[in-house]
There are 2 protein chains.
Amino acid sequence: MPRVMPDDPLNELPGYALRRAANAMMAELTARLVPLDLRISDASVLMLIAERTDMTSSDIGKVLDIQRANMVPLLNRLEAAGLIARKPIDRKSQAVVLTPEGRERLADTRAIVTCFEDDLMARIPDEHRPHFLPALRALVGQPVDP
Amino acid sequence: MPRVMPDDPLNELPGYALRRAANAMMAELTARLVPLDLRISDASVLMLIAERTDMTSSDIGKVLDIQRANMVPLLNRLEAAGLIARKPIDRKSQAVVLTPEGRERLADTRAIVTCFEDDLMARIPDEHRPHFLPALRALVGQPVDP
DNA sequence: TATTGTTATACTCTATAACTATA
DNA sequence: TATAGTTATAGAGTATAACAATA
């Protein structure tokens, strides 16, 4: 993680600054989640299934942009940790649900994430702050094609 | 029966939106650099050493936030591709310099990167655009500590 | 036919520890 | 002593192909 940033001529490039900012912030969040023994993707899944019921593994992957195949080890870890359970919807699909222990861990997760988000926004000067999320959402909204 | 796919409730979180935006944009840039047979890190190195003379491998790593150890295969690839050469500074350090072929590839790289950056900024609505780079730089400037 | 869950695999990026040769 | 370059390695994240069972 960058503690100091030497003067970098590439810093005028928004795309480069975007990458650096995201890397720095995600490293920071990753570190803050270590005490909960959760990765960022784990936390995302817990927070998502808490607000959307009857989400299957495929559903979660579509929303969070995680490949179906990569959901398997992720959910297996959360299940092994006792945080989620699989509840059959039909003979093909399973809903991913929080266990009581998962709900407790979610509360801690939310506290950490909220604090992280607040700290992140606090680092942005007042006049730029309200424009940050709208700008990011404009980027994710549609792909940039040549 | 198809279940409905709700919007992502995590999109209200700036940190999450930052991660999604960076992932999407970096995937886009990666794809655009494929014709040049360069990765984003490769392009960054070429652009950096073009503006800073006598950069050692360690210097480049410090500026671009790449571990010393990870610079080795990166520079080896660029050298094998004939784009850079190593020029001894003393018996311990080597400057990384562009070859003539490297300078040609750099020109193509700059064209692609400039187009990419323009397209990226164009996706952001006018009223938010001037705030984007300053916000990002505020995030990279100092670490967010609890 | 299309989708779900899964296995296997591979490639990239990143992080750390340790070694050597030299400053 | 500290730094430059390197080797080896391991952990993540990500991507694709393929398969069986079911919708």
Side-chain angles (χ1 to χ4, degrees), chain A residues 1-3 6 16 19-20 22-31 33-34 37-45 54-80 84-97, chain B residues 1-5 16 18-20 22-31 33-34 37-45 54-80 84-97:
Chain A
M1 257 227 313
R3 290 293 120 177
Y16 180 76
R19 184 164 85 127
R20 291 294 294 267
N23 286 348
M25 291 304 99
M26 291 312 108
E28 174 63 32
L29 179 54
T30 298
L33 288 173
V34 164
D37 197 27
L38 293 177
R39 304 173 191 175
I40 293 179
S41 300
D42 299 335
S44 305
V45 168
D54 285 337
M55 297 280 288
T56 67
S57 174
S58 294
D59 291 337
I60 297 169
K62 279 170 194 157
V63 173
L64 298 183
D65 195 27
I66 301 174
Q67 303 290 325
R68 222 164 59 245
N70 296 329
M71 287 299 301
V72 179
L74 197 167
L75 292 183
N76 284 347
R77 255 185 307 110
L78 290 177
E79 191 175 38
I84 64 158
R86 278 143 159 141
K87 194 179 64 174
I89 293 178
D90 51 36
R91 277 190 302 184
K92 182 173 153 189
S93 302
Q94 298 171 310
V96 181
V97 298
Chain B
M1 282 280 100
R3 286 178 297 278
V4 286
M5 182 54 57
Y16 180 77
L18 174 62
R19 184 164 84 128
R20 291 293 294 266
N23 286 349
M25 292 304 98
M26 292 311 108
E28 174 62 33
L29 179 55
T30 297
L33 287 173
V34 165
D37 197 28
L38 293 178
R39 304 172 191 174
I40 293 179
S41 299
D42 299 335
S44 305
V45 168
D54 286 336
M55 297 279 288
T56 67
S57 174
S58 293
D59 291 337
I60 297 169
K62 280 170 195 157
V63 172
L64 298 183
D65 195 26
I66 301 173
Q67 304 290 325
R68 227 165 55 245
N70 296 329
M71 287 298 302
V72 179
L74 198 167
L75 292 183
N76 284 348
R77 255 186 307 110
L78 291 177
E79 190 175 38
I84 64 158
R86 280 146 159 138
K87 194 179 66 175
I89 294 177
D90 51 36
R91 278 189 301 182
K92 183 173 153 193
S93 303
Q94 298 170 310
V96 180
V97 298

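Note that this is a predicted model, so its numbers are computed, not measured. Proteins get letters first, then strands, A, B, ... in listed order; numbering begins at 1 in each. Atoms considered below: every heavy atom in the structure, side chains included; atoms not considered: hydrogens, waters and symmetry mates.
- No engagement by A:Arg19 is indicated, since no non-hydrogen atom pair under 4.0 Å with the nucleic acid exists.
- Of the inter-residue distances, the one linking A:Lys62 atom NZ with A:Met55 atom CE reads 9.5 Å to the nearest 0.5 angstrom.
- Scanning all heavy atoms of the two residues, the minimum distance from A:Val63 to B:Tyr16 falls at O-OH, 4.0 Å.
- Put simply, CG on A:Leu74 is 12 Å from P on C:dT6, counting in whole angstrom units.
- At whole-Å resolution of the value, CE in A:Met55 and P in C:dT4 are 12 Å apart.
- In this structure, B:Val45 and B:Asp42 have side chains that are not in contact, with every pair of non-hydrogen atoms separated by 4.5 Å or more.
- Separating the CG atom in A:Leu29 from the CG atom in A:Leu33 is a distance of 4.5 Å, to the nearest 0.5 Å.
- Within the 4.5 Å cutoff, the side chain of B:Ile60 has no heavy atoms near those of the B:Ser57 side chain.
- DNA chain D is contacted by both B:Asp59 and B:Pro73; B:Asp59 maps to the nucleotide lying nearer its 5′ end (nearest heavy atom per residue).
- Atoms NZ (B:Lys87) and P (D:dA4) sit 18 Å apart, rounded to a whole Å.
- From B:Asp37, atom CG reaches atom CZ of B:Arg39 across 8.5 Å, with rounding to the nearest 0.5 Å.
- At a threshold of 4.5 Å between non-hydrogen side-chain atoms, the residues B:Leu75 and B:Arg86 count as touching.
- Residue B:Ser57 places none of its side-chain N or O atoms closer than 4.0 Å to OP1 or OP2 of D:dT6.
- Looking at every heavy atom in both residues, B:Ser44 comes nearest to A:Arg19 through OG-NH2, 3.9 Å.
- Atom CZ in B:Arg77 sits about 14 Å away from atom P in D:dT6, given to the nearest Å.
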Original post:
What string of B, S and - do you get for nucleotides 18-23 of chain C, 5' to 3', when a contact is any protein heavy atom under 4.0 Å?
Top reply: B---BS
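- Comparing the start and finish of the helix from C:dT1-D:dA23 to C:dA23-D:dT1, five pairs each, the helix axis swings through 20°, to the nearest 10 degrees.
- Taking the side chain of A:Asn70 as heavy atoms from C-beta on, and the options D:dA15, C:dT6, D:dG5, the nearest nucleotide is D:dA15.
- Residue-level contact check: A:Asp65 touches neither bases nor backbone, having no heavy atom under 4.0 Å from any strand.
- Rounded to whole Å, the distance from CG on B:Asp37 to C1' on C:dC11 is 15 Å.
- Taking the side chain of A:Gln94 as heavy atoms from C-beta on, and the options C:dT6, D:dG13, C:dT12, the nearest nucleotide is C:dT6.
- In this structure, A:Met25 CE and A:Thr30 OG1 are separated by 11.0 Å, a value rounded to the nearest 0.5 Å.
- To the nearest angstrom, C1' of D:dT14 lies 14 Å from CZ of B:Arg20.
- Positionally, the nearest nucleotide of DNA chain C for A:Asn76 lies more toward the 5' end than for the other of B:Ile40 and A:Asn76.
- Within the 4.0 Å cut-off from OP1 or OP2 of C:dT14, not a single side-chain nitrogen or oxygen of B:Gln67 is found.
- One interatomic measurement links the two molecules: CD1 of B:Ile66 to P of D:dA4, which rounds to 16 Å at whole-angstrom precision.
- B:Ile84 has its CD1 atom 11 Å from the P atom of D:dG5, to the nearest Å.
- Using a 4.5 Å cut-off on side-chain heavy atoms (C-beta onward), A:Asp65 and B:Asn23 make no contact.
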